[in-house]
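Since the structure comes first, as structure tokens, the remarks are kept for the end.
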Amino acid sequence: MCIRECGDRMSKKRLEVYCGKGKGKTTAAIGQALKAASKGKSVFIIQFLKGRELEKVSFIQRLEPEIKLFRFQRREEAFQQLTVQEQEEEIMNMKNGLGFAKKVLATGECDVLILDEVLGLIEYGIASVEDIRLILEEASDDVELIFTGIKVHPEIVEWADGVYRISAVKE
């Protein structure tokens, strides 16, 4: 469970993590977004490290205003496919995305915030576990958070209410 200090008392908010090498982490998160939106909740999705998958992006954009998708990367290719110089430029864009996530949580603009592939930012050294903790501290107690990525840091596992490892049984 995600915990933050509030004076002497601790408060809790809902955090789910979808991780693993299998396909379907983003799909599971989007499924949760659809479920929340069907209950009248406002959902923001911020994507990191991904290339532009136009068919998926255009589908999600049709779900606005209930589900809003944000991408701060400028290039079409996934982060791993970029040159070192291009990666450096995109790192700044992704850090802006993390700043946007903090702002969204601080202002209470959504009921559900999905940070798609945020765990990869730690793996690539773009963000630290402490950076992620600071983002979580901005969330009010009634916000649901969903993180996705391949590897999950043990400290994030401790904060989470649910951690779901997705792996292929057969490919």
Side-chain angles (χ1 to χ4, degrees), residues 2 13-37 41-83 86-129 131-136 138-139 143-153 156 159-160 162-166:
C2 178
K13 53 193 71 69
R14 179 98 178 121
L15 172 62
E16 290 186 358
V17 176
Y18 296 99
C19 61
K21 292 185 179 180
K23 295 179 181 181
K25 298 175 289 292
T26 299
T27 303
I30 291 172
Q32 294 291 42
L34 291 170
K35 183 178 170 183
K41 294 184 176 184
S42 168
V43 180
F44 281 25
I45 302 171
I46 304 174
Q47 288 188 324
F48 302 95
L49 300 170
K50 294 188 165 211
R52 293 191 190 267
E53 299 166 316
L54 295 178
E55 65 280 348
K56 289 181 185 177
V57 170
S58 66
F59 174 76
I60 294 170
Q61 288 172 335
R62 288 185 298 191
L63 301 174
E64 287 190 13
E66 291 84 3
I67 299 175
K68 295 180 181 167
L69 175 66
F70 300 91
R71 298 187 80 246
F72 287 81
Q73 290 171 243
R74 302 287 179 241
R75 294 191 168 71
E76 301 292 323
E77 301 83 14
F79 183 77
Q80 303 87 330
Q81 298 170 332
L82 300 175
T83 67
E86 291 171 334
Q87 285 181 350
E88 289 299 320
E89 293 170 13
E90 291 294 11
I91 285 170
M92 292 309 299
N93 295 332
M94 287 185 276
K95 287 184 177 186
N96 288 338
L98 289 173
F100 179 71
K102 277 179 84 169
K103 177 186 168 278
V104 163
L105 291 171
T107 58
E109 290 183 57
C110 67
D111 302 307
V112 178
L113 177 62
I114 298 171
L115 298 180
D116 191 22
E117 292 298 333
V118 72
L119 301 177
L121 298 182
I122 297 168
E123 189 177 339
Y124 282 105
I126 298 168
S128 67
V129 174
D131 293 331
I132 303 306
R133 186 186 64 75
L134 292 172
I135 290 171
L136 291 174
E138 293 295 336
V143 171
E144 296 175 48
L145 297 129
I146 300 173
F147 293 173
T148 71
I150 295 171
K151 295 180 184 177
V152 61
H153 191 278
I156 294 174
W159 301 336
V163 178
Y164 305 92
R165 186 168 309 281
I166 298 176

State whether the side chain of E144 and the backbone N or O of D111 hold a donor-acceptor pair below 3.5 Å, judged by distance alone. no

Of all heavy-atom pairs linking I166 and A28, the shortest is CD1-CB, 4.4 Å

What are the two closest heavy atoms between E138 and A106, and how far apart are they? OE1-CB, 3.2 Å

Interatomic distance, L121 atom CG to D131 atom CG [nearest 0.5 angstrom]: 9.5 Å

List the steps and the verdict of side chain to side chain contact (heavy atoms under 4.5 Å, CB included) for L98 and V118. CA-CA 9 Å; L98 289 173; V118 72; 4.1 Å; yes

Give, for atom CE of M94 and atom CD of Q47, the distance between the pair rounded to the nearest 0.5 Å. 12.5 Å

Any chance you could lay out the side chain to side chain contact (heavy atoms under 4.5 Å, CB included) test for E16 and Q32, step after step, and finish with the verdict? CA-CA 10 Å; E16 290 186 358; Q32 294 291 42; 3.2 Å; yes

Roughly how far, to the nearest 0.5 Å, is CD1 of I146 from OG1 of T26? 11.0 Å

Considering all heavy atoms of both residues, which atom of E109 and which atom of T107 are nearest to each other, and what is their separation? OE2-OG1, 2.9 Å

Distance, nearest 0.5 Å, that separates CZ of R165 from NZ of K21: 10.0 Å

Could you check whether the rings of F44 and F70 sit parallel, tilted or perpendicular, using 30° and 60° as the cut-offs? tilted

Check ring-ring contact (aromatic ring centres under 6.0 Å, His included) between Y18 and all other residues, then give those that pass, not counting sequence neighbours. Y164

If you look at every heavy atom in L115 and I135, which pair is closest and at what distance? CD1-CG2, 4.4 Å

Provide the closest heavy-atom pair for G97 versus I46 in the form atom of the first, atom of the second, distance. O-CD1, 4.1 Å

Examine distances only and state if a side-chain atom of K25 and a backbone atom of G20 form a donor-acceptor pair shorter than 3.5 Å. yes

Nearest heavy-atom pair of V43 and A36: which atoms, and what distance? CG2-CB, 3.9 Å

Show, in sequence, the C-alpha distance, side-chain angles and deciding distance for I126 and F79, and conclude whether the side chain to side chain contact (heavy atoms under 4.5 Å, CB included) test is met. CA-CA 11 Å; I126 298 168; F79 183 77; 3.9 Å; yes

Under the salt bridge (charged side-chain N to carboxylate O under 4.0 Å, His left out) definition, can you give me all pairs with a residue in residues 114-124, not counting sequence neighbours? K50-D116

Please list, chain by chain and in numerical order, all residues satisfying salt bridge (Lys or Arg N to Asp or Glu O under 4.0 Å) with K68, sequence neighbours excluded. none

Say you draw a straight line from CG of L34 to CG of L63; how long is it, rounded to the nearest 0.5 Å? 6.0 Å

Please report the interatomic distance CG(L82) to CG(L49), rounded to the nearest 0.5 Å. 10.0 Å

Does E90 come within less than 4.0 Å of R75, counting only side-chain N to carboxylate O? yes

